[in-house]
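For reference, the structure discussed in these notes is given below.
Quick note on labels: first sequence line is chain A, next is B, and so on, each numbered from 1. All of these numbers come straight from a predicted model, not from anything done at the bench.
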Amino acid sequence: MNYKKTLNLPSTKFPMKASLVKREPEQLAHWDSGRLYEKLRENSAGNDKFILHDGPPYANGHIHIGTALNKILKDIIVRSRQMVGFDAVYVPGWDCHGLPIEHNVDKELGAAKAGMSQTDVRKKCRSYAEKFIDIQREEFKRLGVMGEWENPYLTMNYKYEAIIARECGQFALKGDLFRSKKPIYWCCSCKTALAEAEIEYKDESTPSIFVKFPLADDVSDVIPELSDQKVYVVIWTTTPWTIPANLAIALHPQYTYTAVDTKNGEVLILARELAENCLEFFGCKDYTFLGDFDAAGLEHKKCRHPLHDRESLLILGDHVTLEAGTGCVHTAPGHGGEDYEVGLKYGLDVYSPVDDRGCFTDEVDFVAGQFVFKANQVIIDELAERNVLAGSESMTHSYPHCWRCKKPVIFRATPQWFISMEKGGLRKKALQEIDRVEWIPHWGRERIYGMIENRPDWCVSRQRAWGVPIAVFYCAECETIHINPQIIDRLYSLFEKHGADVWFDKDTDELLEDNAVCEKCGSDQFVKETDILDVWFDSGVSHAAVLEQRPYLQWPADLYLEGSDQHRGWFHSALLTAVGLRGQAPYKAVLTHGFVVDEKGMKMSKSVGNVIAPEKVIKQYGAEILRLWVSASDYRDDIRISPNILKQLTDAYKKIRNTCKFLLSNLYDFNPLTDAVAYSQMQDIDQYALIRLNELIAKARAAFESYEFHTVYHGLYNYCTLDLSAFYLDILKDRLYTSPPRSDERRSAQTAIHIILDAVVRLMAPIFVFTAEEIWRYMPDTNAKIKESVHLMPLPSVNPEWQNSKLANKWAQVLEVRAEVTQALEKARAAKLIGHPLDASVTISAPSALYDQLREYADELRSVFIVSEVRLVQEQALEDAFESDEIEGLKIHIQAAPGAKCERCWIYDSSVGADSDHPTICERCTDALAVIE
RNA sequence: GGGCCUGUAGCUCAGUUCGGUCAGAGCGCACGCCUGAUAAGCGUGAGGCCGAUGGUUCAAUUCCAUCCAGGCCCA
């Protein structure tokens with residue numbers, strides 16, 4: 001007789017091979033046509049909302065691995081919150097305006113741009129953004145990310161643009177928006193402002209001069225030797241043309257300075273460390289040091305400007321270095337970034353007497369009208385003439401050039417728009433709000449706090465085409481901003497209807513109300529500002545443009561989640577816009593993730609060749625593996641990816657998949673509605689399996705709650721490998737296969753297996769969105785509504801009925817002993833005593849306490865150890881026994897199992913041969929056959 | 001150069017919160033078993049001076065300092 005046919009061997013059509021690359025798109029299409037996202041909305045209508053507000057990626061290029069990480073994390077969060085009972089809506093967005101797009105459109109247009117209107121260029125930019133939104137949308141959807149893809153928010157939507165303009169207008173109305181000068185890169189040839197990204201650095205030969213600024217104030221309180229001396233502070237510069245704009249000289253607060261008598265009636269002040277080299281360059285051979293001193297004593301003292309009849313203030317700044325020059329830094333706030341910053345601190349004017357052609361204005365007498373670079377020599381000559389030129393040469397160094405015309409650019413102060421950090425108390429309030437937000441990880445608070453604390457006023461203007469205009473008018477006479485609620489409303493309506501283009505298409509008269517008059521000076525002439533807003537303002541107000549606008553969302557958001565670079569970016573601009581106009585942070589919590597790096601922890605770069613594109617991973621392994629990677633990593637730190645890591649993840653995926661497949665394959669004849677066994681009637685070990693499941697559920701739910709998905713992954717994976725595959729399921733095989741199909745013992749096991757699979761699939765659903773659904777479809781029939789999608793189900797909950805610490809302790813002990821038995825078996829195997837564990841008979845000698853406990857469940861030990869026989873003795877000497885290192889006094893002796901091997905269940909038993917009808921099987925199997933037949 | 005952060009086995013993670021039982025797991029690897037989860041399953045084993053150096057302490061992977069390496073943001 002073929003006894004194998006009498007066994008209940010596992011059977012399922014669920015494929016072992018995942019074929020993710022092929023199946024995932026099919027699954028996505030199925031969800032799409034089944035309107036899964038809409039069904040989730042319907043199902044959770046009325047539930048508490050959980051709003052993760054999407055930070056908009058820039059609509060340019062394909063997604064990269066970092067964007068994929070970000071979106072997958074968001075998806076896992078939204079799904080897990082949805083599955084614990086929230087109405088978790090997800091509205092994705094895109095950041096559409098800005099220089100990179102304008103730049104690329106410029107390149108495409110080439111010479112054609114010259115003949116185009118600003119509106120035409122803007123149209124090109126709009127369609128460019130649209131193209132990449134479509135591309136990225138498909139890429140995000142392919143990752144399994146679920147959301148309102150057909151109705152995302154775009155910062156270039158007319159309504160969004162209208163809100164950007166309105167929010168900016170509110171800042172103006174409040175008095176926080178002001179116009180002031182700031183130096184920016186300027187191309188004198190193109191007569192245009194340039195952004196950092198439009199600068200190319202090339203070597204350039206420039207003059208290098210040392211200039212003596214005569215000290216005007218008495219400093220004998222600092223250095224007594226200097227009384228009645230002609231004292232000069234010596235500066236160094238490579239841009240002599242900025243000397244006319246000099247307003248100060250900066251010294252470093254920590255450096256030591258020295259006064260040098262040059263024996264020609266002059267005393268020079270410069271940094272001690274650089275003094276000798278400088279003096280040598282000046283050709284000064286005979287000199288004496290009069291004394292060293294700290295810079296602090298000179299702060300607020302004054303020099304005379306060497307060319308003009310005004311003062312130059314001595315100030316302190318950390319930006320001063322000893323790498324070159326004299327340690328005394330020529331400071332022209334209108335012509336340098338650091339000069340500007342330090343100038344603000346000392347209340348210096350942002351003085352820049354240069355026009356948009358790069359020529360000096362009439363303010364500067366002897367070089368008026370001259371081009372700055374040409375004026376260099378004139379100024380050097382003048383300095384020499386006045387005997388304040390200490391030294392001069394020419395040098396070559398890296399200098400910024402215009403990306404378009406390739407000519408050297410200058411730093412030039414132009415009027416810009418700012419949002420004040422102080423006028424309306426924005427800085428103070430923002431800092432207070434930071435402490436009302438939950439920062440995850442907690443150090444995010446430190447990071448953004450430091451930034452807000454130290455940042456200058458927010459410069460929000462850009463001299464660009466592709467963006468939302470700073471929609472304000474100012475008086476042509478006195479430059480006062482002309483703003484009121486009616487203007488804001490009026491422009492809002494216009495923008496909402498025609499988009500921001502309307503600002504450029506219509507004249508000031510058409511946009512402004514009739515009979516407008518400057519409330520300060522009474523003028524009726526106004527200027528329409530044509531600068532556009534910093535794109536950080538665009539995305540910064542998304543809380544207003546999205547959360548406040550869509551009735552199914554909420555303000556503030558429950559969570560913002562982006563990379564840690566966004567402390568400076570989006571978290572920052574969102575905080576300032578929200579606090580500025582609403583007095584409150586737009587988020588309750590902010591979660592940050594690290595950056596994706598290679599296996600060695602180095603950043604990815606094309607030149608190094610360690611870049612991994614999400615598209616490639618998807619094509620090779622499937623999006624599920626990418627999602628698995630996200631879930632397995634602790635994203636709070638930087639996270640690593642490499643072919644090796646992906647390989648490991650695919651192995652882990654297979655293990656989990658296979659474990660689920662095995663569970664399914666033993667449920668082919670199980671109907672949970674009719675065949676399930678009540679918990680109280682289940683076998684001991686099945687009850688224990690549910691205790692372990694309870695622990696997994698508790699752990700995973702807590703981890704989902706605190707966004708620690710790697711804990712979910714590791715918990716799930718270890719449960720599958722250790723609890724299930726290596727322990728419970730291995731033991732269960734005998735019972736599942738050999739017991740009569742409908743017997744209590746088999747149904748008990750199936751009941752446990754079904755509960756376990758149901759819970760495991762739901763726990764993995766937020767992460768393994770595809771595989772969970774695939775398994776779900778193969779689950780034994782229940783009702784159609786439940787079957788529809790695992791994603792419509794809740795996460796499993798801890799079942800209090802299964803809690804049983806006595807049982808848990810018992811099995812903890814059995815497991816300890818089991819570990820010793822497997823070691824003993826391995827030794828016996830190595831000695832060729834046995835092969836399969838069922839070849840063995842195990843004799844265990846235990847000390848009395850342990851013996852008493854083991855005796856209580858002696859009947860179960862045989863199956864738990866998966867051997868043919870277990871004999872339990874109390875503290876007996878056993879020859880050739882394995883002695884446990886872990887459990888004192890435990891001895892285990894292995895010998896070949898007596899009796900014959902049952903052909904059906906493979907267990908050695910003395911009853912084999914007893915039944916003449918079935919001479920090759922054991923009594924247990926004979927009994928089973930009787931029931932089956 | 002400054003701010004914030006990270007550094008535990010080849011890999012992914014635990015742990016050390018208030019310092020004191022040999023630093024744990026899985027994967028991978030090696031070896032073996034099984035062939036009734038089979039392009040599967042089971043077992044055993046070898047892998048870590050807890051980034052480096054100093055300091056505090058009776059005692060540090062765990063506290064402090066410095067350094068090195070790496071990341072983000074500034075300059």
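- Taking side-chain N and O atoms only, A/Lys655 has a distance below 4.0 Å to OP1 or OP2 of B/C42.
- A donor-acceptor contact under 3.5 Å is not formed by the side chain of A/Thr711 with the base of B/A14.
- Ranked by how close their nearest RNA chain B nucleotide is to the 5' end, A/Ala819 and A/Ile639 are led by A/Ile639.
- In this structure, A/Phe418 has its ring center no closer than 6.0 Å to that of A/Trp458.
- Under 4.0 angstrom from either OP1 or OP2 of B/A37 there lies at least one side-chain N or O belonging to A/Tyr737.
- No hydrogens or angles were tested; on distance alone, a donor-acceptor pair under 3.5 Å links the side chain of A/Lys733 to the base of B/A37.
- Looking only at side-chain heavy atoms (C-beta outward), A/Asn8 and A/Thr738 stay at 4.5 Å or farther from each other.
- Between the side chain of A/Arg636 and the base of B/C5 there is no donor-acceptor pair of N/O atoms closer than 3.5 Å.
- Between A/Lys603 and B/G71 there is no side-chain N or O to OP1 or OP2 distance below 4.0 Å.
- Remark: the A/Arg904 side chain and the A/Thr6 side chain contain an N/O donor-acceptor pair separated by less than 3.5 Å.
- The residue A/Gly835 sits close only to the backbone: its heavy atoms come under 4.0 Å of sugar-phosphate atoms, none of a base.
- Residue-to-nucleotide proximity on RNA chain B shows that, of A/Arg829 and A/Leu649, the 5′-proximal contact is made by A/Leu649.
- In terms of phosphate contacts, A/His710 brings a side-chain nitrogen or oxygen within less than 4.0 Å of OP1 or OP2 of B/A14.
- For an aromatic pair to be called close, the ring centres must be under 6.0 Å apart, and A/Tyr340 with A/His335 fails this.
- The aromatic ring of A/Trp906 sits over the base of B/G36, with ring centres less than 5.5 Å apart and planes tilted by under 30°.
- A/Thr12 has no side-chain polar atom (N or O) that falls below the 4.0 Å cut-off from OP1 or OP2 of B/A37.
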